[in-house]
6 protein chains.
Amino acid sequence: MNSQELYKSLLQNELFLDKAHDDVTTRLLGLQAGRRCRATILAKEHGVFFGKLVLEALAFETLESRNDGDSIQKGEVVASFQTTIGEALTKERSLLNLVTHLSGVASATRKFVDAVRPFPTKILATRKTLPGLREFQLQAVQAGGGLVHRRSLSDGILIKDNHIQMGGIEGLLKKSNESRSPLHRVEIEVQNFEQLEEALKFGADVIMLDNFDLTGVAEGVKRIREHNDGRTKVEVSGNVALENAHAIAELGVDYISVGSITHSVKTLNMSLDLALVP
Amino acid sequence: MNSQELYKSLLQNELFLDKAHDDVTTRLLGLQAGRRCRATILAKEHGVFFGKLVLEALAFETLESRNDGDSIQKGEVVASFQTTIGEALTKERSLLNLVTHLSGVASATRKFVDAVRPFPTKILATRKTLPGLREFQLQAVQAGGGLVHRRSLSDGILIKDNHIQMGGIEGLLKKSNESRSPLHRVEIEVQNFEQLEEALKFGADVIMLDNFDLTGVAEGVKRIREHNDGRTKVEVSGNVALENAHAIAELGVDYISVGSITHSVKTLNMSLDLALVP
Amino acid sequence: MNSQELYKSLLQNELFLDKAHDDVTTRLLGLQAGRRCRATILAKEHGVFFGKLVLEALAFETLESRNDGDSIQKGEVVASFQTTIGEALTKERSLLNLVTHLSGVASATRKFVDAVRPFPTKILATRKTLPGLREFQLQAVQAGGGLVHRRSLSDGILIKDNHIQMGGIEGLLKKSNESRSPLHRVEIEVQNFEQLEEALKFGADVIMLDNFDLTGVAEGVKRIREHNDGRTKVEVSGNVALENAHAIAELGVDYISVGSITHSVKTLNMSLDLALVP
Amino acid sequence: MNSQELYKSLLQNELFLDKAHDDVTTRLLGLQAGRRCRATILAKEHGVFFGKLVLEALAFETLESRNDGDSIQKGEVVASFQTTIGEALTKERSLLNLVTHLSGVASATRKFVDAVRPFPTKILATRKTLPGLREFQLQAVQAGGGLVHRRSLSDGILIKDNHIQMGGIEGLLKKSNESRSPLHRVEIEVQNFEQLEEALKFGADVIMLDNFDLTGVAEGVKRIREHNDGRTKVEVSGNVALENAHAIAELGVDYISVGSITHSVKTLNMSLDLALVP
Amino acid sequence: MNSQELYKSLLQNELFLDKAHDDVTTRLLGLQAGRRCRATILAKEHGVFFGKLVLEALAFETLESRNDGDSIQKGEVVASFQTTIGEALTKERSLLNLVTHLSGVASATRKFVDAVRPFPTKILATRKTLPGLREFQLQAVQAGGGLVHRRSLSDGILIKDNHIQMGGIEGLLKKSNESRSPLHRVEIEVQNFEQLEEALKFGADVIMLDNFDLTGVAEGVKRIREHNDGRTKVEVSGNVALENAHAIAELGVDYISVGSITHSVKTLNMSLDLALVP
Amino acid sequence: MNSQELYKSLLQNELFLDKAHDDVTTRLLGLQAGRRCRATILAKEHGVFFGKLVLEALAFETLESRNDGDSIQKGEVVASFQTTIGEALTKERSLLNLVTHLSGVASATRKFVDAVRPFPTKILATRKTLPGLREFQLQAVQAGGGLVHRRSLSDGILIKDNHIQMGGIEGLLKKSNESRSPLHRVEIEVQNFEQLEEALKFGADVIMLDNFDLTGVAEGVKRIREHNDGRTKVEVSGNVALENAHAIAELGVDYISVGSITHSVKTLNMSLDLALVP
């Protein structure tokens, strides 16, 4: 299953649950439902578009669409395609629900990406995604300019507070180096400088400064950089908002992870208009 | 499948996609992962809880939980249960992703419900839900005090602008009365007073005033009430926000539908803490 | 998923369970199985056809088919299409099992619809459908001229005997009006005149007279019509057969619900013939 | 998956499609829905019961049930169990739809089995089953005393008219003997005595006399028995009804296959009653 | 679902689990991934090909492929097709994993088939297949020249040691004859001559000599042949290897069943090469 | 879904396809099938056990089992549990098919792990797994002492020959560093020393020497170690067999990847014996 097939599968399921096969209103149109129309998707606010893969999945005819990741303006036609009146009315809601949500994800991501310019800091999505939507949200994050942290629990070792409490930093980092896949780095989340020092001592590839204030982040970055000339990467998480992202990036961190771009998404408003094809 | 089984199915799928069976970090704990702990879910902001059905679905032992729909306070323990360290760490993210999202839905709904007091106006969820999550979001809406409009396209006739454009108000309302289920009312969305008059003439059970300003709503309500002593219900949609919901309700409308409580949800922040059981 | 995709999904599953990929008899034909043929479906008795959606779902070439809902005669060719000998032999049984069953549903429905002429009474399907087949049976009912009562337990409030026993007519009707969707009417099933009077007093949109005899139905209709000039609808269920449907309709009821058109269906007999295409 | 798990899976799916998690009527009962009750299933006509496996699949408490295949009388309690009012009301329809249908299958089968007494002739189910229900219907047939012919297209070679038309009796029977599984017999369907003679000449394990009248069946049985002292089995299909089954069996055939016991099933009527548990 | 659709379904699932939609390496190619190429599958050892059905399932363009069951040589191009660089890289592993495994099955089978020449003995696959792959492996066995024994537990009666221990040979064989489908033979597995004599006495269609040595097989065949002039078939299982298959066949047995051709399969090595299409 | 639930799901599906609900042989036992027995799994050759998770998934009573990864001896009882005769007979084949295959994987892995002692070289599983079985095979590999390379295409960047041909080493490595997840290393496969030098120049975390002979590996390791004091890891793949694994490890490589431990697995032979429980 490639991306297109994955979107198709999500939408087919959504249309089934929305009972697209039993649309009691559209059925009233009778033969009119079979007339061909051009459907136009209009942006009703500024943002970043993510919908081309979705539209391609539904295989509409003569599809024209902005690319995923394109900046779009309020009032702009972002996609159009031909179909029948019946298909358009029945699929409108399922289609827009997905496109406006994913465009919302891409737009929120882009705002953070813009906020950390001109620094090389990367914005990361977390595993704080909505049930069933992670694959899709992560593609939208990437279209918005963000990177993915971990796709799943098997996608790299990330030692967190609760793990440390049970296994200790030294023990866990040593075991990590024994058992990890050759393609996985090891990351550890630290809450304070004591933990940071221990992490540096036993060797992690990435250190996450969790819920540090700006002064703390500055100090953390300094200690990590001094330790081994830039090989250990620094990630900041917790208390990150659009307002302070620039300031954090300015401190020289490699990564900032932001949960809200996937867990608290405001849709990017769009509408679907229909016009009969002569 | 009852509610509990539905939540179980959603979570099982989510845990599968999160590769809970292959949590490379928790595996580092070895035998420690089997130790029993008490997990505590803590609210980190005020709002409305929706998580009991979710927790019951995972069948944790000695579960204590606030009820779905309860108001909760920042700092409050909203649920706790026993499990093993390994299970807790592996399932934490999937569990919180769902509970914090649905609590977010319930909280947003409650705000609108509170806003329209003391009027009898009902807050309605729309079909603007997130892919795969409609059933769950609608339960959270109801826990927050809202009602459901249509669960799917087969759940009652709602004639919208595009339908009118193709079939005409008169034709569609007449056909509606012929073909509808005995348990379904017929609703029509109108954009202006001309359409409103035609809808009244040919008889709809519910009339939706779409994107009317406050003055328009007032006039619309007046005309509908005059027409048949309250039997036709009035719904308002479009341009609804927490700020103007009270004013709309004050005009005497029966229903206000709000898309944002399901399509643009801010999670209600919570954390999961673990303590070993002696 | 639109209707066609739903039928395709049902048939694909059926063909999988019938091991169409491992048809040990057709395999004996070797290369002959690849020869092209025209398959013809012949009606072996009079009735109403429901198979076009099914055949379209399998995407046969040069399909010609009567429309769903058409009256057909014994001996008539109701559909024909091109395919290979192998495909035809392998799919014949799964295809006919579905088409003859659904045509049986449509035919049984039509008989009831014809029986209540010239009265405006509507014939309703119930939730007494066969496991896994409800969506399909309800489409066949509609093709036969019937309407759908409730598609599922969420599709409108229907208060039955057991509910009344626990919650009382007054309490339940009041709660119904509080919690229902704006698009749902409220129906109550009554077993006697006492319940009928209470239902009228507290206001239901539809009243179902369950297992009343003809005299009882006449009296029930009279009381309901007197109560509010036709706004409350009357449904009759129980003890309905082709023999008494006309007499019931004559009494002025709005709806008659008939379980047997979905739960006790006699197939409409058809055969599939093959002819090599030169 | 054993039988019980298979029934559970069917019912879970059915309850999901019936939206058992969103039963808007039962929800009106509020806390009352949680009260415990004893549910009793009552037969409303004579027949053969098939429901124990179904009820066990739902794992109700203190289940008492007649055995699958038991004869039951009108008015008899055939099963009872404890549950909550809410569960009972929500699951009633899905449960009864399955039990009354399968009991209908078992009852129809038993009538044919009784009709062919005292002859050793066996009644066979065909592949003319309802989509998605074959496994279940075949179990009910066996509970009624019938046997299964083929479960699927891979379950033994059955050469029919269309095969013969393409491959010829001689060619197909020879190939059959080359390619069949050691556990499969070879059966051929013949329409006339010429085909019968050819089938005997090239050797089939079972010969199906299709649409022969009684005289034809008598002659067919005679020829087959003479050919090889009873080793070749005789099956009769087509034009079989309760009325002539005895006469056919009397002619000494080994098997009679009957499509109607699975494709045209009249439900065996039952009701579910509830009583609060003190 | 025909064969092709079954392979498609297996591969789609495999590609989903391999996260083909999120191939982080191929994504690096950017627009290059969209360039068209010709993919060539090369055999890296001698054997029997089984991959055409697999390749057809993926619907590649201008597919050229050896037939399933063809002998292929080391260095030979066994299939080629057009696609994009991105598709080819992403699907390569899933495709080759399936084709090289099934070609391994076909190749192992062919070796046994060749070993028993010139005797009429048939090589049988058993139910010792790999989870989820039985349907596919059995097709490859047949392409290699083997036959299928039982596809599932419902596919004919095979009485084994543990059954005999509980029910006795006499009792089980008698019951078998009562309850079996008309298309099923009855087979019994015997461990010694005493059991063999009892099996002959009560009549089985096929007798399996389990773990007999060559002398035992010879004696077993003699006794069975003497019993009823060849009607009872003889199968040998256990201790069968390429080395002794010829000697066993020479003793006149009808079937030899071999578990290793499905449970211990060495892949037939192949590689996929890409060349840009000008 | 944790590990146990994953195994349960695989086995349930397998039992469904094996028609465990319709075991026509075991059904002959009648009431005897309900008698309780103790089932014992016996190893019939030396190796490494992997079956405890499988057995736990089926939730047998009083289960005793060797641990996954334990060395077992020919003739040893590796697990035992209580169940009914019927359950045991019906599930025996599906259970053993899985346990003997996975034990085969674990055993083959262990042989490679033993071969590279006393060097710190790790044995890696590849993505050359069998369709549908990757998750399970990788757990068995780990029980045998091996590590996982990539679980899927999203699990780290591995630049192979075909990628290099299209994108060039320089370009791809640079892009990798831009777009990778913070938890992913970058690996590149090289075929010759020229590619190796370029890979070192532009910086990969792991370099795979593909199909190098022993001299080539020695030279490769030397150059990589000289380049940056051990930070870049070395993996060897291609032409690896039990015979040369020790010699390769001796050259100081970090990882050896072996496809055959998952793609060409010989089952570890076991049998299931039953004894009635008094």
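Letters go in sequence order (proteins before strands), and every chain restarts at 1. Computed from heavy atoms alone, side chains included, the values below leave out hydrogens, waters and symmetry copies. Only a predicted model underlies this, so the values are computations on that prediction, with no experimental measurement involved.
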Can you tell me which of Leu158(E), Asp23(E), Leu172(E), Asn97(E) forms the most heavy-atom pairs within a distance under 4.5 Å of chain F?
Asn97(E)

For the NZ atom of Lys266(F) and the OG atom of Ser260(E), what is their distance to the nearest 0.5 Å?
9.0 Å

Can you tell me how far the CE atom of Met166(E) sits from the CD1 atom of Ile85(F), to the nearest 0.5 Å?
4.5 Å

Can you tell me how far CG of Leu130(F) sits from CG of Leu130(E), rounded to the nearest 0.5 angstrom?
6.0 Å

Go through the atoms of Leu10(E) and report whether side chain, backbone, both or neither lie under 4.5 Å from a heavy atom of chain F.
side chain

Greatest number of non-hydrogen atom pairs under 4.5 angstrom with chain F, of Ser181(E), Gly167(E), Ser176(E), falls to Ser176(E)

Is any side-chain heavy atom of His163(F) closer than 4.5 Å to a side-chain heavy atom of Leu29(E)?
yes

Highest number of heavy-atom pairs under 4.5 Å with chain E among Val265(F), Asp273(F), Thr90(F) belongs to Val265(F)

I want to check something: taking the side chain as every heavy atom from C-beta on, are Thr25(F) and Leu153(E) in contact at a cut-off of under 4.5 Å?
no

Measure distances from Arg27(E) to the heavy atoms of chain F and classify the residue's part below 4.5 Å as side chain, backbone, both or neither.
neither

Examine whether an atom of Leu272(E) lies under 4.5 Å from a heavy atom of chain F, and if so say whether it belongs to the side chain, the backbone or both; otherwise answer neither.
backbone

Using non-hydrogen atoms only, which part of Arg150(E) is less than 4.5 Å away from chain F: side chain, backbone, both, or neither?
side chain

Is the shortest heavy-atom distance from the side chain of Arg134(E) to the side chain of Asp18(F) under 4.5 Å?
yes

Per-residue contact mode, Ile159(E) against chain F (heavy atom under 4.5 angstrom)
both

Side chains of Lys128(E) and Thr100(F): does their closest heavy-atom pair fall under 4.5 Å?
no

Rounding to 0.5 Å, atoms OG1 (Thr129(E)) and CZ (Arg93(F)) come to a distance of 9.0 Å

Whatever's closer than 4.5 Å to a heavy atom in chain F on Glu92(E) counts as side chain

Is it the backbone or the side chain of Leu89(E) that comes under 4.5 Å from a heavy atom of chain F, or both, or neither?
side chain

Where does Ser179(F) contact chain E at under 4.5 Å (heavy atoms): side chain, backbone, both or neither?
side chain

With a 4.5 angstrom heavy-atom cut-off, could you sort out which part of Gln165(F) is near chain E: side chain, backbone, both or neither?
side chain

